[in-house]
Number of protein chains: 2
Amino acid sequence: MSEDLERRKRPTIHDVARQAGVAVGTVSRYLNGQDVRAGKRAEIERAVEALGFRRSALAAAMKGERTGLVGFMAPDFDEYHSALLNHLAQILRQSGQKLLTYSHATDGSLLRQSLDFLVEQRVDALVMAGLPNSQGILSAFHDEGIPVVVYNNDVRGERLDRVFVDNVKASSRAVGHLVDVGHRKIALVTGDPKDSTGVERRLGYEEALRRHDIPIDPAYVFVGDWKTEAGYNALQGFMALSDPPTAIFSSNYRMTTGVLEWLREHGLRTPQDIAIVSFDDVDLFRLYDDGITAVAQPLPLIAEAIAGYVATRLGDGEVPDIRSRTIECNIILRGSTRRPLPASPAERFGHDRY
Amino acid sequence: MSEDLERRKRPTIHDVARQAGVAVGTVSRYLNGQDVRAGKRAEIERAVEALGFRRSALAAAMKGERTGLVGFMAPDFDEYHSALLNHLAQILRQSGQKLLTYSHATDGSLLRQSLDFLVEQRVDALVMAGLPNSQGILSAFHDEGIPVVVYNNDVRGERLDRVFVDNVKASSRAVGHLVDVGHRKIALVTGDPKDSTGVERRLGYEEALRRHDIPIDPAYVFVGDWKTEAGYNALQGFMALSDPPTAIFSSNYRMTTGVLEWLREHGLRTPQDIAIVSFDDVDLFRLYDDGITAVAQPLPLIAEAIAGYVATRLGDGEVPDIRSRTIECNIILRGSTRRPLPASPAERFGHDRY
DNA sequence: TTGTATGCGTTATCAG
DNA sequence: CTGATAACGCATACAA
């Protein structure tokens, strides 16, 4: 019942060569799809099958310049990053690339360590969510011949490729939509201002208010840390104001989740009691009450852009040191921003017009 | 502006040795934390820093018996698998293991190909969601010295370790709960019966009905494919019956999402119009209406159990060919199973009693 | 402690 | 086309 599972030495091309009665070079050529006489080819195939031979990607990579590995690093695999991972995995599979994933848990020292690890594994390229504290250490990758592509957050000044969504415009449109349906007391739940997304989404919010001549009220701005609790606390604060907001723009799906938790706990509903727009689109938003209006990041496009950048860097054409792609978001209109207070009886039936 | 990013040859231990004025062996020993005279140690450290040397894990792995790589394979990185991936990544990091992830998109031929790929990368172990069509090819891994741990679905008869949740018991309790709150017309949305989870969750459902002397009505059973659409279609069918069910037990979160979509579209609410219990627990269920009662799989425990199995296999103790661990689920009671029809006026105020 | 030499499994080069 | 052989970068046994 109890057997010693010992790591039986795997067969090598030498074993295959011997069994097939050919030279190792011939086996190697066979494995790489080069021309081999039909007779020998059959012998080799038989030997491979019999021995259960699988070529060692390690040894192969030690010779060639490429491992075929693309490092993927994210703080953690939450809904956003794992959805992207999913798309990326599909695309990279097509081109024979493999994904070496690593999460660094937003810990600064772990970041350094994680990057070292990926270099040691000799990844051909590195894809990662930009981190403010990765300043200065990423260009080194580029200089050492490992192209880097960041997404989501920027890392200023580094030599690397960037794929972002147009945070400012999307946020501005989202907040503008709230104004359009009649709100003027619009609060913002934003994230860490060290993150470019934090800055940009806030910028979009401010721009929209300015455009509509609505003064920016600091009491209506909550700076959180992107986590669920922040959204919860934000609402707690907003609703305790003597003049609470009638609408919320929340900068990511996690904080929005916290917002919704608070509302649920306190028996408030959207859009009757408060309007909501969230950055990011997740299942929850489709189905919460009559839906939460959301800024949907086109993940498939983002993944494609990233993969494209990686591919051209790994190709042999000349590529500029720095490239950047900005992708537009879609705003998905849902019940949470339905017009709250019909201005006139005539509009009374306009509820469902979007 | 446009520079040829060429893969500068990385420095090797030889380069470090020369620069530091020591032998390669000494550098190697330094890298592996063995004793090196303080003076030379400093020289080496300086050289490593100056050259930007990073040891090649490939070459190192070619010598030793281990790569430190654990293969992780899932059909895709949806909320369930990526949450597990997340936990697993945290735990394996502690023990210096790295995760090589691969998704096979439920395609049978891709499965074979994906497995080959992982073997070629010389993973030390393989963690995967069991697949019915991986019968017969997984024991080969074990026999070749690559331990395999499956989770979620079983692969019958293979020599490998298993970590599951107690699907039968959890389902039975979930359905029992529906009976407890007054339902007798309980429908089942189940998944592919080729998957052990499909079979077991259905078994739990049937057992609960039997225990309560409720006949099993085939019209109340919908066999889906785990996807969102299946849940939607299930509801479509159930509600078209002359005597529709008053409660639904749905076997995974995706299908439940479909169920909720149908309800939303048709203006039905839970628990007023229909009661719901779902397997799996996701954000959506916490916040949909007054919450969806759900069977929560304890992902951290599952990840720990998996990591533990991997660790002992990779250790040098004797381990039985097959091990199995079954973990209990928690049932999270929420609004979707609140007692629908108070039997007597006295119970009228019992709504919130759980 | 340290240096030297050998091998790990491939691929590539160079003759044949 | 094919065979023999030299790298690739590191770890380790052995000798010093």
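So that the names make sense, note that chain A is the first sequence line, chain B the second, and so on, each numbered from 1.
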In terms of side-chain heavy atoms of A:Lys9, which of C:dG3, D:dC1, C:dG9 is nearest?
C:dG9

So, B:Glu43 and B:Arg46, do they make that salt bridge, N to O below 4.0 Å?
yes

Any donor-acceptor pair under 3.5 Å between the side chain of B:Lys63 and the base of C:dG7?
yes

Considering only side-chain heavy atoms of A:Arg29, which listed nucleotide, D:dG3, D:dG9, D:dA11, is closest?
D:dG3

Counting the atoms with a prime plus P, OP1 and OP2 as sugar-phosphate, which does A:Gly25 contact under 4.0 Å by heavy atoms, base, sugar-phosphate, or nothing?
base

Is it true that B:Arg313 and B:Asp161 make a salt bridge, defined as a side-chain N closer than 4.0 Å to a carboxylate O?
yes

What is the distance from atom CD of B:Glu144 to atom OG of B:Ser139, rounded to the nearest 0.5 Å?
11.0 Å

Among D:dA11, C:dG9, D:dT12, which nucleotide sits nearest the side chain of B:Arg55?
D:dA11

Rounded to the Å, how far apart are A:Leu58 CG and C:dT10 P?
10 Å

Would you call B:Phe77 and B:Thr101 a side-chain contact if the rule is heavy atoms closer than 4.5 Å?
yes

Given atom CE of A:Met62 and atom P of C:dA12, what is their separation to the nearest angstrom?
13 Å

Distance, rounded to the nearest Å, where A:Ile44 contributes CD1 and C:dT10 contributes P:
13 Å

Could you tell me how far apart A:Asp35 (CG) and D:dT2 (C1') are, to the nearest whole angstrom?
12 Å

Does any N or O donor sit under 3.5 Å from an N or O acceptor when you compare the side chain of A:Arg54 with the base of C:dG9?
no

Answer with base, sugar-phosphate or nothing: what part of the nucleic acid does B:Tyr30 contact at a heavy-atom distance below 4.0 Å?
nothing

To the nearest Å, give me how far apart CD (A:Gln121) and P (D:dG9) are.
16 Å

What is the separation between atom CZ on A:Arg18 and atom C1' on D:dA4, rounded to the nearest whole Å?
15 Å

What I'd like to find out is whether the side chain of A:Gln19 reaches to under 4.5 Å of the side chain of A:Val16, using heavy atoms alone.
no

Nearest to the side chain of A:Val22 - D:dG3, C:dT2, D:dC10?
D:dG3

Classify B:Ser28 by what it touches in the nucleic acid, base, sugar-phosphate, or nothing, heavy-atom distance under 4.0 Å.
base

Side-chain N or O of A:Thr26 less than 4.0 angstrom from OP1 or OP2 on D:dT2?
no

Has the side chain of A:Arg122 got a donor or acceptor that lies under 3.5 Å from a partner of the other kind on the base of D:dG9?
no

Closest nucleotide of DNA chain D for B:Ala59 versus for A:Arg37: which of these residues is on the 5' side?
A:Arg37

On DNA chain C, compare the nucleotides closest to A:His14 and B:Val36; which residue's is nearer the 5' end?
B:Val36

